[in-house]
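Values below: every heavy atom of this structure, side chains too, minus hydrogens, waters and symmetry copies. Read the numbers this way: they start at 1 and go in the same order the structure lists the ligands and their atoms.
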Amino acid sequence: MTKVSPSILSADFANLERDCKKVIDNGADMLHIDVMDGVFVPNISIGLPVVKSLRKKSDAFFDVHLMIIKPHLYVEEFCKQGADLVSFHIESESDVKETIDLIKKCGKKAGIVIKPATAPQEVFPYLDMVDLVLVMSVEPGFGGQSFMDNALDKLKVISDEAKRRNLKDLYIEVDGGINETTGKMCAESGANLLVAGSYVFGSQDIKAAIDSLKI
Ligand code: DX5
Ligand code: ZN
């Protein structure tokens, strides 16, 4: 069954503890925490102090998605402050292998992310080193955008390659525009971890929304 990682970008930041508890109590497997620096993406969200504060209030697994220009400078601090998994973009300025190694040295899980214009084969050199590959199905930066269906082919290419290499534990995550319909299409194309922000937090029935993404 697919796992669900609600993106707290769509939560109420003035009531973050309450909203995180709400999704976890309603069946979310983890929390997706979007970090943006206003340089790698044209938006600024939250950073280290929020991860640190949230860690004191929640035992949930923190799936931290870094949309920052130089992730290698910050990954260790995110691990120290409470991230369980740190993913970063291969389009950033950091050396990919070096950054994966820094995360692993902290004893945390490492993930790599590709934007919509990046070919799926770009992750192949790192597939055996990472715990997660995240395929963006919108241009990173904002919640509430429409799903781009070129993500489906990319998920298929990556999941076929993971199968070929027998990487049974690899998380294949998709992020952006996920709802009941697009989530199902992604699961059929090989995703096993679905991020959803506006769909989950905007729903009247959060439990039903999360359940609908367990495919
Ligand atoms: C976008 C973020 C996403 C975003 C998804 O850059 O990485 O995690 O919160 O939001 P929805 O699910 O609303 O597209
Ligand atoms: Zn994200």
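Salt bridge annotation for Lys105-Asp101: absent, with no cationic side-chain nitrogen under 4.0 angstrom from a carboxylate oxygen. Under a 4.0 Å N-O distance rule, the pair Glu161/Arg165 qualifies as a salt bridge.
Backbone and side-chain nitrogen or oxygen atoms of Val138 are examined, and none is located within less than 3.5 angstrom of a nitrogen or oxygen of ligand 1. The shortest N or O to N or O distance between Tyr199 and ligand 1 is not under 3.5 Å. Polar contact with ligand 1: absent for Pro140 (N/O pair, distance under 3.5 Å). For the pair Asp34 and ligand 1, the shortest N or O to N or O distance falls below 3.5 Å.
Scanning Gly143, Ser5, Gly197, Gly202 for the heavy atom closest to atom 12 (O) of ligand 1 points to Gly197. With atom 3 (C) of ligand 1 as the reference point, the heavy atom nearest to it among Asn179, Asp175, Ile8, Ile33 is part of Asp175.
For the Zn ion (ligand 2), protein N/O/S neighbours under 2.8 Å (waters excluded) are His32 NE2, Asp34 OD1, His65 ND1, Asp175 OD2.
Near Met136, the atoms of ligand 1 lying under 4.0 angstrom from a non-hydrogen atom of the residue are 7 (O).
At least one heavy atom of Phe142 sits closer than 4.0 Å to an atom of ligand 1.
In this model, no donor atom of one side chain and acceptor atom of the other lie less than 3.5 Å apart for Ser45 and Asp34.
Scanning all protein heavy atoms for the shortest distance to atom 14 (O) of ligand 1 gives Gly177 N, 2.8 Å.
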